[in-house]
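Let me begin by presenting the structure, written as structure tokens, before commenting on it.
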Amino acid sequence: MTRDCAFILTNHDFETVIGYSQSKARLNNRIKQLRRSRLKLEYLLAEIHSMRTNQLSWLLVRSNCHRKSFFVAALAAVFYCSALLAPAELVLAQATVCTNATKFCADAPVTFPAGTTGAAEAGNNYGCLGSQPAPAWFYFEVEEAGPINLLFTNSNSVDIDYALWGPYSTLEEALNDCGTLGPPAGATTGNPLQCSFSGGATESATVNAAAGDIYIMLVTNFAQQPTDISVAQSGGTGTITCAGVSGVGFTMQSPAYFPWNGFLEQINVLALANPSGADTAQITVDLLNLDGQTLGTQQLTLPPHAEFDLIVNELTGFNSAAYGLLKVTFTPAGALDAHLALYRRNSDGSAFEFANIIEAENQLSGASFASFNTHYPQRGAEDRGRSVNWLQLANYDSWTRSFTVRRHDAEGSQISNTSIEIPPNGRRDILVGNTDTDGRQAGVVQIIPEDSFAPYGGEVVRYGYLNTAAASASREYSFAASEKIGNDTSGYVPVSRGAGADNFVEISNIGDSSGSVIVQVYDSDQAVTPVLSQNITVPAKGQRHVSLGESLASGKVGFAEAISATTSLRVSSASYFYRADGLTVSGATISRGHSPLAAAARGFFNTFFGQLNWVKLFNIGGTATSVVIEAFDLDGVSLGSVNVALDAIKGKDVELRALGFNPRTNGYGFFTVSPADANVVVADVLRVNNSADEISVDEGNILPIR
């Protein structure tokens, strides 16, 4: 049976199959792939852009398609088990389609609840696999050459099988082969690289890999019975890179981009740190305007373990009435991490109105999401304050790209649909939430690039300011806090009611169907039993808030987790600090959900302006564990190391000085956190600046330790 299908080529449809083509040969390969997928092409409309080279952008494909050939690019739902599951494994929802394959590595062996229905798509050569029920797709990238041994096990000791294809030179090449997977590279006939259709509950594989090789792997639940399947590297001298694997640290790619902003008299500080213990980083920082044109350039050399804070306002071309991007290019790979801090002082310069820190994120492709919220959490009169939300969207490609920005309210209803075109290395700021025009509401922002392979990035920044009758107070800002856009679905966030703050867990459903979500909140001083446990339903593309005011006592800290087996989530923790009057907001922090540490990770500290740096640690595991923290000053000199013990299901918030470190006054640097056990410690750093009255908090920012 066939049916007519029309596909508009956004990230929703065929994003990893079609995309754009920069050569006629590659276009022909795309057509062949479609035909091999049993799609009968009725017509193809392509537009040729006259740029440096002819670029063919696929605009519309209309086809007759067999039901089994109906590819839909969907986000893989990632969620995490409760704290009492085995702590050393990363728990994932399975990707049932090859093009949605999930990345894994040796430092984060994957465990997933196996499906019991369905079958792998047709068109691939499955070799010895006589059938492919309940499929789960993965890929991995080789870091160091050598043999790599893989072990497949499952909790219920039922029959499982696997197949392995590769090597491929790029991920794009690998995913483009989905639907036509066949024999190893260089061979024209034969089975996949490896496969096993044995009747056993345990399988193993070995590949002799070269650095940079990429492999695609299928794991099936032949028994079609409930079980948890685990895949791990069990040996071999070769290694699998963890770059980009959730919960396994962060490796910044070159070039990296940050959004500078001269408006509101903001001071822009780019913090550059070299986490390498051996390599010297060679860095070039380009100041770009909103259209991607270079205004000025600064070159830097950064020794191992050193940090340098670059005052962006002092760069040639900086304009206090403009905004744009910072393009940071560096060598060698892995020798740089960075973030951008934006500070605004009050009118007399005696204190901060806000400080907003924007963390580094690697380039995105395909759909991405963020939450917005125009509620101003004042206490008392409804008109006391306002909150405005801006999407700062940047095109990192060398071609002009088009994006669609959709807003959904808390119930998931679409409330706006905006198209925007951004030049190469350009940036545009889009208002996605305004108290005056939208009223007080919250929801989900969805960013859909016209070309799903094109790189881009951005963040949603919330500005809160007083809105009293006095003209002098109408532009007095109380906070600025940002959330990076993305498609991650990790659900652990720090929570805090320190300094009398109000704390809300914001849960956004970025999936296409309504989902049930379990929300649990733990107090760092209590054991095992959560102080709050709720089961809530969140509409598709909708948002729900959980207030911690009645469950977490004032002054207490801890962590929250949001788990859903049916949909994909974006989880944030928003804390609001109040002035001495107890009514108006003095500062706010937003922390995006992330994963427990699977390996050593790092964070930044800064003692300028009297800032305090609180290391927030929580052990989600069922047994005691520990972490080792080592700090380095701006010259790369170690300030020492300390071991921090963590009881089961408990946490600690410790200021760096209280740990025994003695960083210089008005200094900065970074620190590492090395967990004794993988995937059981959630870690963040909270940077705060108290007001002159020592009662309220002028500004605060949470950065993940990663």
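The model shown is predicted, which means the values in this text are computed figures rather than measured ones.
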- Please, which pairs that meet salt bridge (charged side-chain N to carboxylate O under 4.0 Å, His left out) have at least one residue in residues 411-421, sequence neighbours excluded? Glu411-Arg544
- Task: Not counting sequence neighbours, list each pair that qualifies as a salt bridge (charged side-chain N to carboxylate O under 4.0 Å, His left out) and has a residue in residues 286-300.
- Result: Asp291-Arg428
- Message: Once side-chain hydrogen bond (donor to acceptor under 3.5 Å, both in side chains) is applied, do any residues pair with Gln282, and if so which ones, sequence neighbours excluded?
- Response: Thr301
- Message: Working to the nearest 0.5 angstrom, can you tell me the gap between Gln611 CD and Leu686 CG?
- Response: 10.5 Å
- Ring centroid separation for Tyr456 and Tyr396, is it under 6.0 angstrom? no
- Task: Start with the C-alpha gap between Lys484 and Glu459, add the side-chain angles, then the distance that decides, and say whether salt bridge (Lys or Arg N to Asp or Glu O under 4.0 Å) holds.
- Result: CA-CA 4 Å; Lys484 294 293 288 188; Glu459 51 281 315; 2.8 Å; yes
- Message: Tell me the closest heavy-atom pair linking Ser482 and Ile590, and the distance in Å.
- Response: O-CB, 4.1 Å
- Query: Do side-chain atoms of Trp260 reach the backbone of Phe318 as a donor and acceptor pair under 3.5 angstrom?
  - Reply: no
- Taking atom types as modelled, is there a side-chain donor on Ser478 or Tyr376 under 3.5 Å from an acceptor on the other? yes
- Query: Parallel, tilted or perpendicular for Phe354 and Tyr463, by the 30°/60° rule?
  - Reply: perpendicular
- Message: What I want to check is whether the side chains of Ser575 and Asp502 have a donor and an acceptor closer together than 3.5 Å.
- Response: no
- Message: Looking only at the aromatic ring of each residue, does the gap between the centers of Tyr343 and Phe609 stay below 6.0 angstrom?
- Response: yes
- Task: Using side chain to side chain contact (heavy atoms under 4.5 Å, CB included) as the criterion, list what pairs up with Leu703, not counting sequence neighbours.
- Result: His339, Ile357, Glu359, Val685, Arg687
- Kindly check if the number of other-residue, nucleotide or ligand heavy atoms within 6.0 Å of CD (Gln414) is above 12? yes
- Message: Distance check, rounded to the nearest 0.5 Å: Leu171 atom CG versus Ile214 atom CD1?
- Response: 5.0 Å
- Task: Go through the structure and list residues passing side chain to side chain contact (heavy atoms under 4.5 Å, CB included) with Asn319, not counting sequence neighbours.
- Result: Ala321, Ala322
- Message: So does Pro423 get a backbone contact from the side chain of Asn395, meaning a donor-acceptor N/O pair under 3.5 Å?
- Response: yes
- Item | Side chains of Leu336 and Ser254 in contact at under 4.5 Å (non-hydrogen atoms) | no
- Which heavy atom of Trp399 sits nearest a heavy atom of Pro424, and at what distance? C-CG, 3.7 Å
- Message: Ignoring hydrogens and geometry beyond distance, is a side-chain donor-acceptor pair present between Asn434 and Arg386 at under 3.5 Å?
- Response: yes
- Note on the structure: Smallest heavy-atom separation, Ala562 atom then Val517 atom, equals CB-CG1, 4.0 Å
- Task: Pick out which of Thr297, Leu310, Leu295 makes a side-chain contact (heavy atoms from CB on, under 4.5 Å) with Leu315.
- Result: Leu310
- Query: What residue pairs, at least two apart or across chains, pass side chain to side chain donor-acceptor pair (under 3.5 Å) with a residue in residues 321-337?
  - Reply: Asp337-Arg602
- Task: Go through the steps for Lys541 and Asp512 under the test salt bridge (Lys or Arg N to Asp or Glu O under 4.0 Å), then give the verdict.
- Result: CA-CA 7 Å; Lys541 302 298 186 297; Asp512 293 325; 2.8 Å; yes
- Message: Is it true that Gln543 and Ser508 share a donor-acceptor pair across their side chains at a distance under 3.5 Å?
- Response: yes
- Query: Between Phe604 and Tyr668, is the ring centre distance below 6.0 Å?
  - Reply: no
